[in-house]
Amino acid sequence: MISRCGVGAASALNALALAVERLRSPWTGGGPGPSRRRKRGSGVATTLRRAAVLGLLAGALALAPGATPGRAASTAWAPIGPYGGPLLCIAIDPANPVVRYAGSAVGIFKSTDEGTTWFHLTPTYRNLLVTELVIAPDGALWAVASDADRSGLLRSSDAGASWTWVPLDPLDWVWWLVADPANAATLYVSDHRSGGIYRTTDGGATWQPLLDRCPVSPTGSSTVNLVAIDPLDTRVLYAFSAQGLCKSSDAGATWSFTDMGIPPNRLTTGLGWFTLDPGVPGRIYAGLGNWGLSISTDGGATWAHQSPFGAETGHPINYAERVVIDSVARSTIYDLNYRSTDAGATWVWLEAGEIYGTACSSNLAAVPGAAGGLTATSSRGGVCRSSDGGTSWTRAAAGLHTRGAQYVAADPFDAGSVYVGASGIVGLFKTTDGGASWSVTGDGAPEILGFTPEPVVDPMASGRIYSRSTADGLWRSTDGGASWLQLGFGDCFAPSHGPDAFAIHPGDSAILLAGSWGNELCRSTDAGGTWASVNPAGPSNGFFGVIDFDDARPADVYAGMAVTGGVWKSTDGGLTWFQLVVRDISDVDELAVHPVTPGVVLVSGENTRIPRDDYFLRSTDGGATWSDATAGWPGGSETPAAMDILGDPTAPGTFYAAVNYLAQGGVYRSTDGGLSWAAIREGLFDIDVWQLALSTAAPARLYAAANDFSLTNGGGAGVFSIDLPVTEPVPAFGSGAALLLLAPGLHAARRRRQRAERPGGRQNLRSSRDHE
């Protein structure tokens, strides 16, 4: 008996296209599908509240040149959730159904308790995209997988404990994988490059072509999308294209074609899935996408079209993707949110399959030996289980760090409270126990806060938190996210604009600054109740994407303008502004002022005027002069911009930075005011880190929001945390050490708007999508 899984045709092809494109050209595209650009990050840097900052007195007064820098962290990063997210395939071990496997954009996960809890099987493979899982008759687990270095098949003969890469040469791009139920060494794939079917009889060592194209009369031939083996007679093979069905009864030596009675050009989305009933000879179910469902009872010779999702059921959703057959009641079949108990003659709608706004019916799998037993995936909720044929569902996601996180903020009043803006998810996730459990904040918050909101915690007002997104504006909660109030901007911003940058004054949290497109800066003195324009004179076609106060000098505030504006500074709390002269700067990505070391400013971004594309600079005198801050920074001759920079308020001169740069990305640390950097990556596999947050309660804990946009709604992997060791004092950089204790508060909450490709310049390295 074979167990297999995979995504429907449309989503599978999309996932594979993106995977191959990423491998061919990870920076600017070049393969099929959209270019893999990196999206500009944004960061929330939360400093200590006043009592905690005063606790630094002894160490601050002891600062002196030549003091020993703080030592690097020795602990490892660990995922803490929020768990769940998109899964691309799921498989159940037929020999031991309590064992389940799931493939994702961050590797393979396994459950040994029917899907209640999960653990990662492939932590050593970076950015492993898994689009297909098959369990062969000898128990070997096969996966169609790709990472930053290669694409091919992975094989495990010990239930996932170890893996071996099986190259696909001469194949280019595998769409589909099936194993022969009678011979574990025989597998079939459909290949994108040739458009046909290949077979191996030696476990993947060599591949032979069986069918170049599925012949179509009279118009020629069509690329093969799917391949299937008759479980009752393994000499019988089926290959499907957008035009119809090819069948072989002699193990692929010869083929015949039928158009299945489908009018030309009706399969605009192609076949979604093809299921052969192992208990009824000749019975085949074909999910025909927008043409509904087709059933054959004579091995594909004739077909009867069904429209289970038509007006006769009251649910006019004319789309069929995959049919799953109940493992005990053979006449009971499932497709999406529908169930039939008479082999497809009539259907009922399963409304209970809705969890987190997404049906628990993609990647359906029937549990062997359990009538009505189903396992499915939800693109937002993780894994779902049903024991009553889909009438009711329960969700299980523990350990599945496949949900992408873009924004994270730690509550300075509660060490266990962390807020997360997750990719493609409405509302904010919140934990009050350090990640042991998560919930979505607020009554109606999923509807009102919009997609991927960014949390900003007020460090001086317990329970006050802001949520910002460019699409849905600015919201405020005074009860830790239980309820929310939308804040208008009056005439400050255009009605369609929300803030791209947002910051709280470190000495008076009623004073807020917000920036947006068109050189717009707004200031509030009543915690967002009213706003006044404080726009500086300057270019009008850029936008303020980052704002940061100098906590040690609260009147000083810096703003970074993307596209045209460079760095601006105010010395009166944001009322008036002047532009700093900063070399090689034309497009600011990230800007941070150290919270307890006055005048130390780091700036990172792009330069579109000279060949050197990205820059990373530091100033120790409040922006009067600048120097490189790239020692130990990844990238070699091509400096990547930082996605987020966070100053450590417990360690003068210490910064943390989030970097997206292929295998050199992750989190970097500087203990000398940004002069040099070292990676902190143990346990943090190579995924995109977008934002950092720091909780200073013992033990001090650093949080990293990680996300890989290789797939729609993000590809994982949630929030990671690491406990930081106690650091020894380091020298202060710049003047004004006596001001270290005067200004607790919040650094900045900032956001980058999606950038368009610039004329004459190379494409941005960030994602072109704005997931909000």
Side-chain angles (χ1 to χ4, degrees), residues 5 76-93 96-123 128 130 133 159-161 353-358 360-363 365 367 373-387 392-405 408 416-420 422-425 427-441 683-685 687 701 703-708 713-722:
C5 76
W77 292 94
I80 64 167
Y83 295 115
L87 295 173
L88 304 181
C89 55
I90 191 165
I92 303 174
D93 189 339
N96 187 10
V98 300
V99 175
R100 317 276 166 93
Y101 300 91
S104 75
V106 289
I108 302 171
F109 292 81
K110 181 178 181 179
S111 172
T112 58
D113 55 10
E114 299 181 308
T116 301
T117 59
W118 297 81
F119 57 92
H120 201 205
L121 280 182
T122 53
L128 188 65
V130 178
L133 288 171
E354 298 288 330
I355 292 181
Y356 269 33
T358 303
C360 291
S361 54
S362 67
N363 302 310
V367 179
L374 295 172
T375 293
T377 65
S378 167
S379 65
R380 296 176 183 173
V383 175
C384 305
R385 296 179 298 172
S386 176
S387 59
S392 61
W393 294 85
T394 58
R395 186 176 64 89
L400 282 170
H401 50 88
T402 54
R403 185 191 306 283
V408 59
S417 291
V418 180
Y419 298 87
V420 172
S423 303
I425 302 297
L428 284 174
F429 283 92
K430 180 182 180 180
T431 179
T432 58
D433 50 20
S437 61
W438 294 84
S439 61
V440 178
T441 64
L684 187 67
F685 51 92
I687 51 180
R701 181 166 294 172
Y703 297 94
N707 196 10
D708 182 356
N713 290 334
V719 175
F720 289 72
S721 71
I722 187 172

Polar side-chain atom of [X] near backbone of [Y] as donor-acceptor pair, under 3.5 Å:
X: D433; Y: A436; answer: yes
X: T122; Y: I108; answer: yes
X: S417; Y: T432; answer: no
X: R403; Y: Y83; answer: yes

Minimum-distance pair of heavy atoms, taken over all atoms of [X] and [Y]:
X: A91; Y: L133; answer: CB-CB, 4.3 Å
X: V420; Y: P82; answer: CG1-CD, 4.0 Å
X: G399; Y: F109; answer: O-CE2, 3.5 Å
X: N363; Y: L87; answer: ND2-O, 3.1 Å
X: W77; Y: Y703; answer: CZ3-C, 4.3 Å
X: S392; Y: S386; answer: O-OG, 2.9 Å

Heavy-atom distance under 4.5 Å between the side chains of [X] and [Y], does that happen here?
X: F429; Y: V719; value: no
X: W118; Y: H401; value: no
X: V367; Y: T375; value: yes
X: F119; Y: T112; value: yes

Full working for side chain to side chain contact (heavy atoms under 4.5 Å, CB included) between V408 and V418: CA-CA 7 Å; V408 59; V418 180; 3.6 Å; yes
Working to the nearest 0.5 Å, report the span between [atom1] of [X] and [atom2] of [Y].
X: S104; Y: I90; atom1: OG; atom2: CD1; answer: 11.5 Å
X: S437; Y: I80; atom1: OG; atom2: CD1; answer: 11.0 Å
X: W393; Y: R385; atom1: CH2; atom2: CZ; answer: 11.0 Å

